[in-house]
Amino acid sequence: MTIATRIPEQLVEEIRQRVNIVDVISPYVQLKKQGRNLFGLCPFHDERTPSFSVNEDKQIYHCFSCGRGGNVFSFIMDIDNATFPQAVAKVAPFAGVDLDASYTSDEATEVVDPQIKALRELYADATKLYHHLLVNTEAGEGALDYLHNRGLDDGTIDAFMLGFAPENDVLINYFQEQQVDYQLLRSSELFIEWDDGTLHDRFTNRVLFTIRDSASHPIAFSGRRLSNDDTQAKYMNSPESPLFNKSQELFNLDLAKGAIRKQKHAVVFEGFMDVIAAFQAGVQNGVASMGTSLTPEQVQVLSRMADNVSISYDSDAAGQKATKRALDLVAQNGHITANVIHIPDNQDPDEFLRANDVSAFLNVLSHNTEDPVAFNIRYLKTDRNLNNQTELFAYVSDVLGVIATVSEPVMRETYLREISDEFNIGMEALQDQLRPLLLQQQANRSNPRSTNNRQSGYRRPEPNYPVAPNGDWQANAPAPIPAPTPRTISRVEKAERMLLAWMLRDNDVWLQVTGTPDFTFVDVPYETLLMLATGYRETHGNEPIVDMAGFMDFVQKPELTRILATLDDFDDELFADRSQVGMYIQFISHDAPLSDRINRLQRQIKEANQMHNDALVAQLSVEYMAALREQQTHK
């Protein structure tokens, strides 16, 4: 193995200076301009209100909710679980820099849990074996014929690494010959454990669809039986494992994500074969959920890549129910829109493609669509006898609730007229019944706390400003958003954060703090950043650190760069009154530790009283009174 050489600091700096952080982050997060920054949904956690901020001027990012932050390299390290050299290599093309392979040749530098790495290798080997058995062996001929008869060509079969699992425990025998650890095999969920402890292939006599994560690692399989034995399930899926969480994964996302980001549009199919057939027909932005229903986690993944999602599920009752659930989940997400694709003649996409040419299929995807309101109006008729007056009135009431969510008056009137014409109900009566529902919708939109207000616009989250040494909020500081909130930090840390930000930007404050005898930050990360800043300044002319992204390169540690990212949150006006610097120093170095000591002594005196230890109570009381006098002296 070739050992990677260190990337020269000058080259790292050149790449960072030539790249725009927005270009690197945009494929992962949809960003919209709001004030001086850009905002979007944080890619590191589930949220509905955009709290992920990118400062294009300073080339840094920060999430006000989860606290992640850093520069362009930090982002790639966080999002891809990459090392610093790997992150630099990935960013280099954005800067137009060709990076020598020797800088990233050591693949062993990837930080991956040993068990996860071993399981990935196991699944990769299983995928290759199953694919080989499908395309190169006599045993796989029947399965290969089945796929060819379903319209798939060899190139598509290879691209999706489809496979065949024969009988006779082929996979377990293969791994046992390789002397793979028994416990690893047992935890992989590739096998079924019998009562005697022996392992046996989970999949037998089945065509296998390989499920991969977004980084193209095989993580699970779905097997379709080839026999006509109805006693066996038609499909068998891998159970969840350390690699596979079915609620979070989307089939084909690894191949589709580029097209989804480029088109800002995804098509969600119900079955794996639908996705594969559509992909072969040129529809490369198709994915499928792991089961009949889309999940909130999967919608969240899609919302980071797309503006719109098209749902193309089967027309049977289960498919329509799943479509309804998917539309509701998209509406709850609030950051993408959705429509429904109807395949003619109650066919699924795979069946339609086998009966028609590609152009007909593409035409259906583009034009045979229905918006969520029209779908719900039709779906609400399900299992209702509309010849019964009571059920008809209930249906109309439900439909008006749907129409009330439509903001465009012309569209509302169009839907009302359709209901009026279909059921011979007067428009005036429908409008009278709709009016209070519209007022309720308006009230929901004007009330930011309403749970029904899903379509609110982007709102710039305000940072948590530090408390002044007296415990009050700084004057003129905006209030923080109520939710989502970052982790709770103490008054001491808030003061440390403010003082460190002041030191980095103002040389006089730097000299004042570093010239204070015996001053140290209470919390280790801030003291560490102070030491690193000292070293950085020595190599940069002992000047204020205005290039925060460059300092982050110097620091590199994610837990420290996240703190640095928060230092950009303070308004410039908070640094106007230099007299507060001494108050911050006093609070951090003396007042806060003294206050902690007084509180600790109070607790110890209470505990000593409960134990009836009079001698200890007397001793602690003396210390407590001395601490109180010291506190009074410094007020």
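Each side-chain hydrogen bond (donor to acceptor under 3.5 Å, both in side chains) pair with one or both residues in residues 240-252, not counting sequence neighbours, appears once here: Asn245-Ser247.
A salt bridge does not link Asp201 to Arg206: none of the charged nitrogens lies less than 4.0 Å from a carboxylate oxygen. With salt bridges taken as basic N to acidic carboxylate O contacts below 4.0 Å, none links Glu351 and Arg354.
Between Ile219 and Tyr123, the closest side-chain pair of non-hydrogen atoms is not below 4.5 Å.
Summarising the geometry, atom OG belonging to Ser303 is positioned 5.0 Å from atom CG belonging to Leu41; distances are rounded to the nearest 0.5 Å.
In summary, the aromatic rings of Phe269 and Tyr313 are positioned with their centroids too far apart to meet the 6.0 Å limit. Under the 6.0 Å cut-off for aromatic ring centres, Phe160 and Phe272 do not qualify, their centroids lying 6.0 Å or more apart.
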Apply the test side-chain hydrogen bond (donor to acceptor under 3.5 Å, both in side chains) to residues Thr137 and His132: give CA-CA distance (whole Å), side-chain angles for both, the deciding distance (0.1 Å), then the verdict.
CA-CA 7 Å; Thr137 70; His132 167 75; over 6 Å; no

| message | Using the rule given for side-chain hydrogen bond (donor to acceptor under 3.5 Å, both in side chains), can you reason through Arg224 versus Tyr146, listing the C-alpha separation, both sets of side-chain angles and the distance that settles it, and then say yes or no? | response | CA-CA 11 Å; Arg224 189 196 189 283; Tyr146 165 80; 2.9 Å; yes

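For Asp158, the side chain to side chain donor-acceptor pair (under 3.5 Å) partners are His131, not counting sequence neighbours.
Between Asn339 and Glu370, the side chains place no donor N or O within less than 3.5 Å of an acceptor N or O (distance only, hydrogens not considered).
Using a distance-only test at 3.5 Å, with no hydrogens or angles considered, no donor-acceptor pair links the side chain of Gln176 to the main chain of Asn173. Side chain of Arg150 to main chain of Leu152: no donor-acceptor pair is present (N/O by atom type, distance under 3.5 Å, no hydrogens or angles).
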